[in-house]
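Just so we're clear, the structure is a prediction, and the values are computed from it rather than from any experiment. Starting from 1, each residue takes its place in the sequence as its number. Every number for a ligand or one of its atoms is a count from 1 in the order of the listing.
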Amino acid sequence: MSEFSLIEKYFKPLQGKLQYVDVGIGDDCAVVSVPSGFELAMSMDTLVEGIHFFPDVNPEDLGYKALAVNLSDLAAMGAMPKWFTLSVTLPEENEAWLQSFCSGMQDLIKQYPISLIGGDTTRGPLSITIQVHGMMREGQRLLRSTAKVGDKIFVSGLLGDAGLALNAKMQKIALSPEALASVESRLLRPEPRLSLGRLLLASASSMIDLSDGLIGDLGHLAKASGVAAEIFCEKLPLSKYMQAHVDSTGDFTLPLSAGDDYELCFTVPPTSVQTCRCDVKDQAVAITEVGRIVAGSGVTCLLNGEEVEQGRGYQHF
Ligand code: ADP
Ligand code: MG
């Protein structure tokens with residue numbers, strides 16, 4: 001099959017319902033028009049075999065995750081997802097693989113108003129790059145740099161399960177098959193918190209998504225805001241499996257530092273906490289207060305008021 005037939009057969013169906021798109025897949029560039037009063041938000045993430053996924057990964061999970069992690073960045077700004085472009089480098093032409101990879105992306109395209117509008121297809125070591133484009137009303141966005149001393153720190157969902165799954169798969173931690181099945185879905189199928197992110201525009205003061213672990217990512221937010229953060233370990237939201245691991249080892253490293261949670265971490269001024277809780281009460285995912293912003297720099301972890309030493313988040317270099 002030629003490159004162009006592959007694009008036609010597998011990628012074009014991911015265009016979904018085109019909105020504000022004048023030119024989609026098929027020309028040299030895609031052309032979109034952003035309605036007046038809105039701004040464009042853009043972000044890009046690459047997944048490389050051996051770094052971000054195992055060589056034997058199910059292509060459907062890979063397609064899902066490549067798009068999900070990009071959507072998580074839009075969620076972290078409070079942006080609405082609209083379009084994405086996709087660069088795929090494949091070692092060989094494998095239609096079964098492509099079919100499955102695209103079906104993983106379709107799972108998200110069915111749930112969110114996002115269309116594939118262009119990309120690139122090349123041969124080489126397996127790697128996937130996606131750039132997402134979102135829209136937001138002018139000036140309505142949540143940055144990392146706007147947390148203030150006194151703000152409360154919240155996270156969505158549960159922390160550490162993806163890291164627990166990864167460690168179990170690498171045989172560093174023993175888990176029952178039932179526990180592994182439960183936490184593995186969090187590693188393979190993270191849910192981008194798009195509607196939560198938009199609801200938080202009204203009450204949060206700053207936000208980041210958790211791709212590289214709470215300490216590391218909250219550290220970026222604190223640094224950008226010129227403040228320090230304190231995390232209360234006993235308040236971290238944990239699944240029963242993560243809780244059992246923490247109880248047996250006394251070690252909070254996974255929920256504090258493991259990557260791949262793709263939850264939102266955000267700050268809320270004390271006067272907006274009630275509004276915030278009320279705004280998000282009907283969401284499928286819960287939010288939990290896990291710390292506070294204080295003067296200074298860096299991130300400190302406390303367990304029942306006592307400081308605990310913890311490692312840094314995942315870093316590529
Ligand atoms: P060019 O030679 O101008 O770079 P290509 O031959 O790479 O164009 O691609 C032809 C068309 O197919 C373009 O519109 C491009 O955006 C689209 N396309 C190529 N690969 C992909 C892909 N993986 N996903 C979506 N669209 C793609
Ligand atoms: Mg061209």
Would you kindly specify which portion of I7 sits under 4.0 Å from ligand 1, judged on non-hydrogen atoms: side chain, backbone, both or neither? side chain
Under 4.0 Å between a side-chain nitrogen and a carboxylate oxygen: does that hold for R186 and E184? no
Per-residue contact class, T85 against ligand 1 - non-hydrogen pairs under 4.0 Å: neither
Interfacing atoms of ligand 1 (cut-off 4.0 Å, heavy-atom, F4): 6 (O)
Which ligand 1 atoms does D27 reach within 4.0 Å, using its non-hydrogen atoms? 13 (C), 14 (O)
Can K9 and E95 be counted as an ion pair, charged N to O under 4.0 angstrom? yes
Answer yes or no: is there an ion pair linking R144 with D217, defined by an N-O contact shorter than 4.0 Å? no
Nearest option to atom 22 (C) of ligand 1, as decided by whichever heavy atom of L14, L86, T129 sits closest: L86
Which atoms of ligand 1 have any heavy atom of D28 under 4.0 Å away? 3 (O)
N/O separation below 3.5 Å, G26 to ligand 1: yes
Ligand 1 atoms nearer than 4.0 angstrom to some heavy atom of T121 are 19 (C), 20 (N), 21 (C), 22 (C), 23 (N)
Ignoring hydrogens and angles, tell me if any N or O in the side chain of D209 forms a donor-acceptor pair with the backbone of A76 under 3.5 Å. no
State, yes or no, whether a side-chain contact exists between L126 and F53 at a heavy-atom distance under 4.5 Å. yes
Verify same cluster id: F101, L14 (apolar side-chain graph, 4.5 Å): yes
Evaluate L116 for polar contact with ligand 1, using N/O atom pairs at a separation under 3.5 Å. no
